[in-house]
Number of protein chains: 2
Amino acid sequence: MDKATTSNIDTISRTCIAVRLRLLNRVVTNLYDDALRPLGLKVSQLNILVVTARLGLARPAQVCEILQLDVSTLSRNVKPLQAHGWLEVVPDEDARAQPFRLTAQGERLIEKAIPAWEEAQRQATELLGNEGVALLDQAAKKLRQTRPEA
Amino acid sequence: MDKATTSNIDTISRTCIAVRLRLLNRVVTNLYDDALRPLGLKVSQLNILVVTARLGLARPAQVCEILQLDVSTLSRNVKPLQAHGWLEVVPDEDARAQPFRLTAQGERLIEKAIPAWEEAQRQATELLGNEGVALLDQAAKKLRQTRPEA
DNA sequence: TCACGATTATTGTATATGCAACTATCGGCT
DNA sequence: AGCCGATAGTTGCATATACAATAATCGTGA
């Protein structure tokens with residue numbers, strides 16, 4: 001392997017933001033998933049339930065805007081949540097729409113998940129440090145600014 | 001929904017580290033994937049190729065340690081890379097092992113990917129800011145300390 | 001009214017991710 | 001030699017993720 005190539009590989013290896021962010025994401029996601037496992041819940045699912053709870057009646061496109069998720073992804077992710085009885089699809093005047101809302105069961109699940117979430121949150125905070133958490137807030141805020149809901 | 005529940009949902013919504021980190025991860029991953037798309041390459045794949053390049057001869061467990069990836073995940077992720085001819089599995093004395101290495105073609109691919117990577121890296125840096133990048137470095141370093149290769 | 005572009009969501013396809021269970025092999029100890 | 005715990009990867013299963021293409025519906029302008 002020639003020197004230039006080695007140098008490029010070295011640069012990516014040492015500096016690539018995506019590599020580190022993705023690694024951190026895996027580790028942190030596992031912290032939460034481990035804590036939530038006894039409830040049969042994953043943090044990705046808790047995300048969606050919480051957003052839905054806040055919206056009351058949630059339209060897919062709206063949830064995707066908030067979570068920066070592809071609509072096709074949400075479309076599939078909702079199915080297990082619905083199957084578990086945590087969400088229910090609500091009929092709408094506009095026949096294209098598939099708005100959904102949290103069920104009472106889903107609400108109870110969130111309540112039950114709080115202690116596990118708190119423990120994972122504690123571990124994640126320890127990992128990132130207060131500065132890290134603050135930075136994450138900033139970045140998330142910037143993303144919201146970048147994509148204003150018209 | 002009673003007040004306590006609303007309050008809990010609010011807390012998660014406003015403070016959950018996993019929610020934000022996962023969101024950021026999606027956005028940033030998409031930056032790199034968009035830039036790399038013309039090459040038929042995803043940043044997750046570039047990760048693996050680069051680690052492999054650095055290792056020379058890469059053992060799966062070793063790559064997983066570095067990337068904090070489940071071995072079963074890597075086992076599957078390697079297959080498309082192999083199919084594209086970017087990696088090749090190398091026979092080993094230990095019949096359990098499945099070490100692999102970068103092919104010449106894989107090396108050329110990395111070279112071709114550099115400009116796209118640089119552009120995505122620029123965008124990601126802009127998004128996170130220099131502090132954000134520094135924090136990410138710190139967190140990644142901490143993860144390496146947490147799991148020393150004994 | 002009805003034709004057509006815009007909107008909303010789903011489906012086909014491919015990859016990423018991890019847990020649990022399994023297979024194959026290795027190495028040491030008897 | 002032969003058993004047995006340890007090690008290295010793979011496979012079954014479920015979920016997450018996104019792009020491209022499609023389906024269904026809506027609303028508007030002719």
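Each chain gets a letter, A, B and so on, in the order the sequences are listed, and its residues count up from 1. As the structure is a prediction and not an experimental result, all values here were calculated from the model.
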| query | With a 3.5 Å cut-off and no angle check, do the side chains of B:Tyr32 and B:Gln123 form a donor-acceptor pair? | reply | no
| field | For atom CG of A:Leu23 and atom P of C:dA16, their distance in whole Å | value | 15 Å
| note | Taken to the nearest whole Å, NZ/B:Lys79 to C1'/C:dT15 is 14 Å
| note | Sorted by chain and number, sequence neighbours left out, side-chain contact (heavy atoms from CB on, under 4.5 Å) with A:Ala139 holds for B:Leu24, B:Leu128
| request: Output yes when at least one side-chain N/O atom of B:Asn77 is less than 4.0 Å from OP1 or OP2 of C:dT17, else no. | output: yes
Atom pairs and distances, side-chain donor-acceptor, residues 101-110 of chain B, under 3.5 Å, sequence neighbours left out:
residue, atom, partner, partner atom, Å
B:Arg101, NH1, B:Glu88, OE2, 2.8
B:Thr103, OG1, B:Gly85, O, 2.6
B:Thr103, OG1, B:Trp86, O, 3.2
B:Thr103, OG1, B:Gln105, N, 3.4
B:Thr103, OG1, B:Gly106, N, 3.0
B:Gln105, NE2, B:His84, O, 3.4

| message | Please report the distance, rounded to the nearest Å, between CZ in A:Arg22 and P in C:dT15. | response | 14 Å
| remark: Sorted by chain and number, sequence neighbours left out, side-chain hydrogen bond (donor to acceptor under 3.5 Å, both in side chains) with A:Glu111 holds for B:Thr5, B:Asn8
| With A:Arg22, which residues qualify under side-chain hydrogen bond (donor to acceptor under 3.5 Å, both in side chains), at least two apart? | B:Thr29
| field | Summary of ring-ring contact (aromatic ring centres under 6.0 Å, His included) pairs that have at least one residue in residues 36-63 of chain A, sequence neighbours excluded | value | none
| Taking only residues two or more places apart in sequence, or in another chain, which ones meet B:Glu119 in a salt bridge (charged side-chain N to carboxylate O under 4.0 Å, His left out)? | B:Arg122
| request: Using a 4.0 Å heavy-atom cut-off, write out nucleotides 18-28 of chain C from 5' to 3' as B (base contacted by protein), S (sugar-phosphate only) or - (no contact). | output: BBB---BBS--
| query | When the distance from CG of A:Leu21 to P of C:dT17 is rounded to whole Å, what number comes out? | reply | 12 Å
| task | Can you tell me which residue pairs pass the ring-ring contact (aromatic ring centres under 6.0 Å, His included) test with a partner in residues 58-81 of chain A, sequence neighbours excluded? | result | none
| task | At the 4.0 Å heavy-atom cut-off to chain B, mark where contacts on DNA chain D begin and end, going 5' to 3'. | result | D:dA6 to D:dC19
